[in-house]
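In the text below, chain A, chain B and the rest are named by the order of the sequence lines, each starting its count at 1.
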There are 2 protein chains.
Amino acid sequence: MDRVSLIDRVSQGMKNLLVLMLVLLTGCAQQQLRGTGDLGVVIERAAGRIVVVDSSAHATLGTVEGLGDLSHASVVFSRDGRYAYVFGRDGGITKVDLLTQNIARRVVQAGNSIGGAISQDGRLVVAQNYEPGGIKVFDAETLELLADIPSTFGNNGQRSKVVGLADLPGNRFAYALFEAGEIWVADLSDPKHPQLTKYCDIGRQPYDGLVTPDGRYYLAGLFGEDGIALVDLWKPEQGARKILAHYGRGEEKLPVFKMPHLRGWAVAGGRAYLPAVGRHEVLVVDTSTWQEVGRISVKGQPVFVMARPDARQVWVNFAFPDNGWVQVIDTLDNRLIDTLAPGKAVLHLEFTPKGEQVWISARDDNRVMIYDTLTRKPVGELPAQSPSGIFFTSRAGRIGF
Amino acid sequence: MDRVSLIDRVSQGMKNLLVLMLVLLTGCAQQQLRGTGDLGVVIERAAGRIVVVDSSAHATLGTVEGLGDLSHASVVFSRDGRYAYVFGRDGGITKVDLLTQNIARRVVQAGNSIGGAISQDGRLVVAQNYEPGGIKVFDAETLELLADIPSTFGNNGQRSKVVGLADLPGNRFAYALFEAGEIWVADLSDPKHPQLTKYCDIGRQPYDGLVTPDGRYYLAGLFGEDGIALVDLWKPEQGARKILAHYGRGEEKLPVFKMPHLRGWAVAGGRAYLPAVGRHEVLVVDTSTWQEVGRISVKGQPVFVMARPDARQVWVNFAFPDNGWVQVIDTLDNRLIDTLAPGKAVLHLEFTPKGEQVWISARDDNRVMIYDTLTRKPVGELPAQSPSGIFFTSRAGRIGF
């Protein structure tokens, strides 16, 4: 064997090794260490895709595709802030790794679903389903099914649509049954053996619900009648009661372009700010008596009424045809202090963790606008294709998100 | 040149390359991607060291040494949750990378310091100093000094110790001047040109302060007289006023083993829970009127009185000789529901972000005990050398922490 061919062989071996190692090095160079406290997700509904964003740098880290039907999609976050659980309209739950922008796990667990929640300890992910009606409980790590709780009511085995799912302290979850007119609380501290508490005859057709930030009051809005069903979860023996008897579409049955989102309700300084149904008003309610104490006239039918984390401001968006506007209320004197035009078809707002900025999705302008909440001036903008919901990882540390 | 020596040379080159690349690969293998939402820091005061902990796994990720004098040390976190800023008693500020457990930056900025805070937008880190008296403002990224605001008062150029520094919405900071008896609010929205608002004659010798979770009320406890100084930051034109005229050591000037920490005050459901000074009591105050509405007898002189994030429970630790006990108050009826003995010399408590667990440092048992707040049973334990303060990254998203 002559020296040249020998050197060739040696150096060929070296080349192969080099290539292999370069591949490995490139792979790990992409694994940039970074904190997850300032990450978030923007839903690109039409594309079935999410955008992973950095709320410090006002930057897009990447996009993740293949999440199915994301109309009315909602998102919760793992306890460590690394993973987003995206609940699709089609019953899909996708666990997305925000750091690598890859799909870590995905299951399709129902035919027709409307969001979900994560337990206080971060170990359980729960989906609320229309079809088949009920909730399903999954291991947050593996998305393995741990419990299936059908929303069966009455005597004929009928199952109800589930709405308004909210996580509570003690690894419990509260939700409402649309056809049944019931509120259920599921204690999942032993997920394989759920304990159910049922509140019956709470009112006709609850269509959405929320829990107050302290986890004490569960409220369900009613579609079939006026008023709101309330359960004081600190005094369960009192059962459910009806508050705000005139809250709703009222006698005249006003045309309602979009039922407002209850989850958006602002609870600020002992007062709750509610979107009136069908009226151009935000209602102010005292949370100690649950009596209405005021009304604020606004530009349209409110959809989301959201409090800045320090509760000094409440930001409101509106249903069509007023969905190009956002208005700001000062909670000190319940006065409108600003009216903004962030873009066409404003669908959602999300405050940064300490509230210095708010991100607003303008679907028909294909952009997310970022405002300074003190000056109410735009400070940034990100392109997004028909953006809808915006969700930041700070939700992982908060009850009822 | 013979073939052997040639092959030798070639393969020697290959060896060197292999070694180099292996070093690179090993380096990046250590860079484990992970979320930062469940990380925290435990102060090992005597050792001048911190322990980086994972509150999901109940595990220690590593320790970081060389942080100087950590007696009375406090910690704030970067907006992304990756970095801890550790404020030492000796004026040192150390920026620690929680993901690599390395010191990213360190400055010694004063001779005698007592903690710090981070701005709403996460861009400014502020230290409050005894000597020389005042606050200093640093770039959170580089720790470059941006502003130096001496606490000069009166006519002779004297500087006061600064206490009770708290971050406010709008990149403002509130703090109290011990010798001056003043409360100052510094607006640092333009850090190079701070705007100061001074409240004078607020009472004798404010020794600590806090801001309510909504950023509205700043309160300073007084050492030189009874009562508490309060500023409604939403109504600055009203100036400072005195509340709870009998709060303090009182006429009899009871022996006080340790002045309670105000920062620990619990504000829960429209009520504040205050450690009585020198008495075995927790005071209950209505935050709308700031009148006392009740007192709860406890086992010793309270030091930290802290609300679980959902505000249903308040946990209390005590000064010597009762510092082996922790008591739990149910805020629904302000009743003691539990008395625990977590270990010798309990110095601090920290709740997990959603409050399912609480971490308690037992200095003289060299351990951190972890309790389930629902069952109040221990669920974990970590060794630590004379642990004092415990701080979780969820503070990054909260006002006044």
**Q** Please classify the contact of S288(A) with chain B as side chain, backbone, both or neither, using a heavy-atom distance under 4.5 Å.
**A** neither
**Q** With a 4.5 Å cut-off on heavy-atom pairs, point out which of G170(B), S56(B), S189(B), G270(B) contacts chain A the most.
**A** S56(B)
**Q** In residues 392-401 of chain A, which residues are in contact with chain B at a heavy-atom separation under 4.5 Å?
**A** A396(A), G397(A), R398(A), I399(A)
**Q** Would you indicate whether the side-chain heavy atoms of V75(B) and V96(B) approach each other to under 4.5 Å?
**A** no
**Q** Sort out for me which of D310(B), D54(B), D121(B), L39(B) touches chain A most, counting heavy-atom pairs under 4.5 Å.
**A** D310(B)
**Q** Give the member of L374(A), L98(A), L332(A), T375(A) that has the highest number of heavy-atom pairs under 4.5 Å with chain B.
**A** L332(A)
**Q** Using 0.5 Å steps for rounding, measure from the CD atom of Q357(B) to the OG1 atom of T373(B).
**A** 8.0 Å
**Q** Between T331(B), V284(B), N334(B), which is the residue that forms a side chain to side chain contact (heavy atoms under 4.5 Å, CB included) with V314(B)?
**A** T331(B)
**Q** Contact part of D167(A) toward chain B, heavy-atom cut-off under 4.5 Å: side chain, backbone, both or neither?
**A** side chain
**Q** If you tally heavy-atom pairs under 4.5 Å against chain B, which of D80(A), D38(A), D372(A) wins?
**A** D80(A)
**Q** Under 4.5 Å between any side-chain heavy atoms of T352(A) and Q120(B), yes or no?
**A** no
**Q** Excluding sequence neighbours, so at least two apart, what forms ring-ring contact (aromatic ring centres under 6.0 Å, His included) with Y85(B)?
**A** none
**Q** Can you list the steps and then say if L33(A) with D97(B) is a side-chain contact (heavy atoms from CB on, under 4.5 Å)?
**A** CA-CA 10 Å; L33(A) 285 189; D97(B) 184 337; 5.5 Å; no
**Q** Closer than 4.0 angstrom, basic N to acidic O: yes or no for D214(B) and R216(B)?
**A** no
**Q** I'd like to know if E356(A) and R79(B) make a salt bridge, using a cut-off of under 4.0 Å between side-chain N and carboxylate O.
**A** yes
**Q** State, with a plain yes or no, whether a side-chain heavy atom of R308(A) is found less than 4.5 Å away from one of V358(A).
**A** no
**Q** For residues V126(A) and L188(A), determine if any side-chain heavy atom of one lies less than 4.5 Å from a side-chain heavy atom of the other.
**A** yes
**Q** Given a strict heavy-atom distance threshold of 4.5 Å, which part of R312(A) is in contact with chain B: side chain, backbone, both, or neither?
**A** both
**Q** What part of I118(B) is in contact with chain A, defined as an atom under 4.5 angstrom from a non-hydrogen atom: side chain, backbone, both or neither?
**A** both
**Q** Considering only heavy atoms, which portion of S119(B) lies under 4.5 Å from any heavy atom of chain A: side chain, backbone, both, or neither?
**A** backbone
